[in-house]
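Comments concern the structure below.
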Amino acid sequence: MTFPLLTVTAAVPAVGAVLTAAVPAKQRTAAKWLALLFSLATLALAVLVAVRFEPGGARYQLTESHAWIADFGVRYELGVDGIGVALIALTALLIPFVIGAGWNDADPLETNSSRWRPTQGFFALILMVEAMVVISFEATDVFLFYIFFEAMLIPMYFLIGGFGDRAHSGSDENAAAQRSYAAVKFLLYNLVGGLIMLAAVIGLYVVAGNFSLQEITAARAAGTLDMATNTERLLFLGFFFAFAVKAPLWPLHTWLPNAMGEATAPVAVLITAIVDKVGTFAMLRFCLGLFPEASKWATPVILVLALISIVYGALLAVGQRDIKRLVAYASISHFGFIILGIFAMTSQGQSGATLYMVNHGISTAALMLVAGFLISRRGSRLIADYGGVQKVAPVLAGTFLIGGLATLSLPGLAPFVSEFLVLVGTFARYPVIGIIATIGIVLAALYTLVLYQRTMTGPVKEEVRTLPDLRPRELLVVAPLIALLIGLGVYPKVLTDIVNPSVRHTMSDVKKTDPKPEVAVEAKNGEAVK
């Protein structure tokens, strides 16, 4: 029997969550270190998964398959392709930084306060989310995926509603109300999407007779599974709706600014850099894999929605007064690029979309965590309350600038490669949409540079004059993320080699090939031909 590496990779953070929650109440520091230790162990396992994965090998590797609910055709099936490997690595990489950045976020506000915040619960919930996200990237049984796709909402609900941002301008009662509203809105939006998906999952079983992604796609390819056109389209819409809510795609995005604004900075990173990636990942794995013809049928509408997300999110980011909500709207714009790349149906677009998932996770983590450090010092999320920070905290300002430049996809930083590939892949098949999408790049430069100008430059405001620079723990959190942004910007091949074979499989699922470029060449008679 082979070692169940994928199961262990998902199980380690789940075990860590249970043990962290069980740490005695007064041992807060021990709970933190225990959570960090389990997150690092998960990272080591994720690295082992990446090392053992062979990009030129089978589509799904390190597979595990066991009977689970045999009467209903449900199996415990796991397997990873290159896209799953990249996103598991991203998740395992970011969680230790999330824990390090949130080291004091759940501590009591006062040493002897009776209003004790459960530190153990905070870090246990983070590890539980990690476990559920990892197994979502591994699951090749549709029903198994659905269970964890929905289950991760519960710990996220408590992280948003129970451990909100302390930098709130209103009273404690108002802050609690805002957190509760954001958490409930997050839960309701995603639950509705999940319930619609559940109906589609049941419909898929009725049509296919099982929940195995590999068996269903093989049957589709062999022509032994006959799915009526209208049935396939309805099932596709059920799956896509749930993934579009999670992604988040306009107009199903409105829960994200509330959730990120009211959550702590590390939890905001958990939402947009990790959890939301399950939605875009699932579009590639399940929508295109299970319903190729319906995916092509829905492509024109989805591309328009993605284009609206790009421009709409960027425009609202320009007008924001709240730092965290600005990053949230910027993320909506970036997710528009990811979905645009997926449904452009070109290898460049889908490779760029996958890289964008990884690079957006790193860049958003860097920017949001530094912003969180800044907000915790000043006690305000409002941009107008800052000014001249670079003169009193130059290292903080410098790391904030690099995170911002990565967000606007500056050449030389990792997101540039992703955005370039998405635009090239989109332009090759849909040139008008590709041209309009570049508006998002211009607006990204505007909201990023204006944010930096208003917070970091100019006269030093009296309230920020005594702000300390980044502390060693904070530098330890931010510096590796900055290094990754630069390293993957200079040498993205380490990711593309893993991702590209999986993209080719996806393109084969939907029976699409890249458009041939129309290049004018000189004919023998001297006339230009195409």
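What's counted below: heavy atoms across the whole structure, side chains too, no hydrogens, waters or symmetry copies. Remember, it's a predicted structure, so these values are computed and weren't measured experimentally.
- Here the side chain of T272 pairs no donor or acceptor atom with the backbone of V269 at under 3.5 angstrom.
- Without hydrogens or angle criteria, S309 side chain to G336 main chain gives no donor-acceptor distance under 3.5 Å.
- At a threshold of 4.5 Å between non-hydrogen side-chain atoms, the residues P266 and D105 count as touching.
- Open room surrounds CZ on F143; 12 or fewer heavy atoms of other groups in view lie less than 6.0 Å from it.
- Counting heavy atoms from C-beta outward, V327 and L367 have side chains that approach closer than 4.5 Å.
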Taking it one step at a time, do Y356 and E419 satisfy side-chain hydrogen bond (donor to acceptor under 3.5 Å, both in side chains)?
CA-CA 7 Å; Y356 216 130; E419 203 163 273; 2.6 Å; yes
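- Taking 4.5 Å as the limit, some side-chain heavy atom of F137 sits within range of a side-chain heavy atom of V278.
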Just do the side chain to side chain contact (heavy atoms under 4.5 Å, CB included) check on M260 and M368 with the steps written out, would you?
CA-CA 10 Å; M260 288 185 65; M368 179 59 82; 3.4 Å; yes
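- Judged by distance alone, with hydrogens and angles left aside, the side-chain atoms of W103 form no donor-acceptor pair with the main-chain N or O of E474 at under 3.5 Å.
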Kindly indicate, with the supporting measurements, whether the criterion side chain to side chain contact (heavy atoms under 4.5 Å, CB included) is fulfilled by I375 and Y386.
CA-CA 10 Å; I375 291 168; Y386 296 88; 3.9 Å; yes
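- Note: H360 and F335 meet the aromatic proximity criterion, with ring centroids under 6.0 Å apart.
- Residues satisfying the side chain to side chain contact (heavy atoms under 4.5 Å, CB included) test with L195, not counting sequence neighbours, are none.
- Between F3 and V8 the shortest side-chain heavy-atom distance falls below 4.5 Å.
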Any chance you could lay out the side chain to side chain contact (heavy atoms under 4.5 Å, CB included) test for N190 and M156, step after step, and finish with the verdict?
CA-CA 11 Å; N190 285 275; M156 286 305 309; over 6 Å; no
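- Remark: K246 is positioned above the aromatic ring of F149, its terminal NZ or CZ atom under 6.0 angstrom from the ring centre and at most 45 degrees off the axis.
- Residue-environment remark: CH2 (W68) exceeds the threshold of 12 foreign heavy atoms within 6.0 Å.
- The neighbour count for Y60 OH, taken as heavy atoms of other residues, nucleotides or ligands under 6.0 Å away, is above 12.
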Step-by-step ring pair (Phe, Tyr, Trp, His ring centres under 6.0 Å) determination, Y205 to F211:
CA-CA 6 Å; Y205 176 75; F211 294 106; 4.9 Å; yes
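- Put simply, the side chain of F122 does not reach to within 4.5 Å of the side chain of T119, judged on heavy atoms.
- In this structure, the side chains of I383 and D322 stay at 4.5 Å or more apart for every pair of heavy atoms.
- Applying the side-chain hydrogen bond (donor to acceptor under 3.5 Å, both in side chains) rule to pairs touching residues 126-149 yields nothing, sequence neighbours excluded.
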Only distances under 3.5 Å count here; give the side-chain donor-acceptor pairs of residues 75-92 to other protein atoms, sequence neighbours excluded, each with its distance to 0.1 Å.
unit_1, atom_1, unit_2, atom_2, d
R75, NE, S65, OG, 3.0
R75, NH2, S65, OG, 3.0
Y76, OH, T7, OG1, 2.7
E77, OE1, S212, OG, 3.1
E77, OE2, S65, OG, 3.4
D81, OD1, I83, N, 3.4
D81, OD1, G84, N, 2.8
D81, OD1, R285, NH2, 3.4
T91, OG1, L87, O, 2.9

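- With contacts defined as side-chain heavy-atom distances shorter than 4.5 Å, the pair I332/P257 qualifies.
- T506 places a side-chain N or O within donor-acceptor distance of the main-chain N or O of S502, the cut-off being under 3.5 Å.
- The backbone N or O of P24 sits less than 3.5 Å from a side-chain atom of Q120, completing a donor-acceptor pair.
- For the residue pair Y447 and T407, no side-chain donor N or O sits within less than 3.5 Å of a side-chain acceptor on the partner.
- Between F243 and F145, the ring planes are perpendicular. Angles over 60° get that label, and only those under 30° would be called parallel.
- Between L144 and V74 the shortest side-chain heavy-atom distance does not fall below 4.5 Å.
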Let me see the working for V358 and L495 under side chain to side chain contact (heavy atoms under 4.5 Å, CB included), right down to the final yes or no.
CA-CA 9 Å; V358 176; L495 282 178; 3.9 Å; yes
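- Heavy atoms from other residues, nucleotides or ligands lying under 6.0 Å from CZ of R473 number more than 12.
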